[in-house]
Amino acid sequence: MDAYDEGSRARQLPDGPDGSLPEGPASAGPTPDSTPSTDQESTDQESTDQESGPPQPASQAPTAQAPDALAPAPDAQASTADPPVPVPTPTFTGIASLPLRSQVVAALALAVVAVVACVHLGMVFLHVAPSNTVTKQHGRAIDDWIYPEFEQNWKLFAPNPLQQNIDVQVRAQVRGKDGGITETGWYDLSALDGAAIDGNLLPSHTQQNELRRAWDFYIGTHDNENRPVGLRGDLSQRYLRRIVLLRLDRQGAGDKGAVVESVQIRSRTTNVPPPKWSEEKVSDTPVLRELPWWTVPEEDVTDARTVASAG
């Protein structure tokens, strides 16, 4: 009872000699003006203890705080909130990453390349297509675009592809400074072109096709008696003659200062031997076709020397 009374902090009355309450008006019970009973005081004290929590040392006694101090700090709220999701920055590649002026220049360049590519494909198509109205009216413009760099040769896909080696050879009669005429030996022009191509990663179009195409042009416009057929016969003859004159000048035919008076061209054709597993039999004897001697005009000699000096 003492511990309970002490814990409840109730006001104590003096005990009698035998430990009982003293007689008198106070023992008759509480009056309306008297203090609350011990039970009431203990109940109020327990509720107060529950609200205040366990007793704290005097050094750690809670102090009064303002209402704003009880709210969490703004930094604490921000730290507990979800971090903002970063918005990805758009990146550009290619032409879009260039400045506006560079984009315009690049777009124009691409447009020019596209137009040239379309024109080239159209020209090649018209060149290899069968004869039609467009090729009849604009055949010259198509040929000027195709020849000589973009020539199309479909003999590889023909039913009977070429199975022969054709060497174009030439010899000349030259007039020296003393006025005498001498005849040179045969120059194998095809062999010279082949030697220039072997081991060359980027051979020129001239070394590969100029002489071959000139000979094919001549054969296609002349019969077996070397007579011109059609209107292009004379043109093919002059074209082939100028090419061999240019080659002779490069090879230094005759003495220094000698002048080529006439030339003679021939072809030497040999069959390509079949593979060992084939039973096909072909002749290995070369077939020669000699053209007549052609007198060289002065303008052809001048043109040949001009081209040779420019090259």
Side-chain angles (χ1 to χ4, degrees), residues 95 104-162 164-168 170 189-190 192-194 196-198 200-223 226 228-250 265 267 291 294 297 299-311:
I95 297 179
V104 174
V105 174
L108 291 177
L110 291 177
V112 171
V113 171
V115 171
V116 173
C118 293
V119 172
H120 177 69
L121 292 177
M123 290 293 188
V124 173
F125 173 78
L126 293 174
H127 175 67
V128 301
S131 179
N132 52 69
T133 304
V134 177
T135 56
K136 290 178 181 179
Q137 294 181 356
H138 306 284
R140 185 177 182 83
I142 295 173
D143 291 342
D144 291 342
W145 180 278
I146 294 297
Y147 294 107
E149 296 295 337
F150 307 115
E151 174 196 356
Q152 303 297 313
N153 187 347
W154 300 102
K155 292 182 178 180
L156 177 63
F157 306 100
N160 296 316
L162 292 176
Q164 296 174 332
N165 289 324
I166 301 176
D167 294 332
V168 179
V170 63
L189 304 181
S190 298
L192 294 174
D193 285 348
I197 293 173
D198 290 342
N200 189 352
L201 297 179
L202 299 173
S204 68
H205 181 79
T206 301
Q207 295 169 339
Q208 297 179 80
N209 299 314
E210 182 185 54
L211 182 62
R212 178 182 62 84
R213 290 298 301 154
W215 180 253
D216 289 343
F217 186 24
Y218 179 85
I219 295 300
T221 56
H222 289 74
D223 58 14
N226 299 319
V229 178
L231 300 177
R232 305 181 70 186
D234 183 64
L235 176 63
S236 64
Q237 178 176 331
R238 289 188 287 112
Y239 181 58
L240 181 60
R241 184 174 65 238
R242 291 194 176 193
I243 289 178
V244 298
L245 282 175
L246 179 62
R247 303 296 181 89
L248 287 173
D249 187 80
R250 291 176 181 174
I265 304 172
S267 65
L291 306 183
W294 293 340
E299 58 269 18
D300 286 358
V301 176
T302 304
D303 291 345
R305 290 179 176 178
T306 302
V307 174
S309 62

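All of these numbers come straight from a predicted model, not from anything done at the bench.
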Quick check: do [X] and [Y] have side-chain heavy atoms less than 4.5 Å from each other?
| X | Y | value |
| --- | --- | --- |
| Arg241 | Tyr218 | no |
| Thr221 | Val229 | no |
| Arg212 | Val168 | no |
| Leu211 | Ser190 | yes |
| Arg238 | Leu235 | yes |
| Lys136 | Ser131 | yes |

When rounded to the nearest 0.5 angstrom, what distance separates [atom1] in [X] from [atom2] in [Y]?
| X | Y | atom1 | atom2 | value |
| --- | --- | --- | --- | --- |
| Ser236 | Ile219 | OG | CD1 | 9.0 Å |
| Ile142 | His127 | CD1 | NE2 | 9.0 Å |
| Leu240 | Trp294 | CG | CH2 | 5.0 Å |
| Gln237 | Asn226 | CD | CG | 9.0 Å |
| Leu126 | Asn132 | CG | CG | 6.5 Å |
| Tyr147 | Phe217 | OH | CZ | 9.0 Å |

Exercise. Return yes if some donor-acceptor pair links the side-chain N/O of Gln208 with the main-chain N/O of Ser204 below 3.5 Å, else return no.
Key: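 Present.
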Practice problem: Look at Glu210 together with Arg247 and state whether they make a salt bridge at an N to O cut-off of under 4.0 Å. | Solution: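 Yes, Glu210 and Arg247 are salt-bridged.
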Exercise. Apply side chain to side chain donor-acceptor pair (under 3.5 Å) to Trp145 and list each qualifying residue two or more places apart in sequence or on a separate chain.
Key: His120
Quiz item: Looking only at heavy atoms, which two atoms of Asn200 and Leu202 are closest? And how far apart?
Solution: OD1-N, 3.0 Å
Quiz item: Which heavy atom in Pro228 sits nearest to a heavy atom in Gly233, and how many Å separate them?
Solution: CB-CA, 3.8 Å
Quiz item: Any chance CG of Leu121 has more than 12 other-residue heavy atoms, nucleotides or ligands included, within less than 6.0 Å?
Solution: yes
Quiz item: Only one of Arg213, Gln207, His205 forms a side-chain hydrogen bond (donor to acceptor under 3.5 Å, both in side chains) with Asn209, so which one is it?
Solution: His205
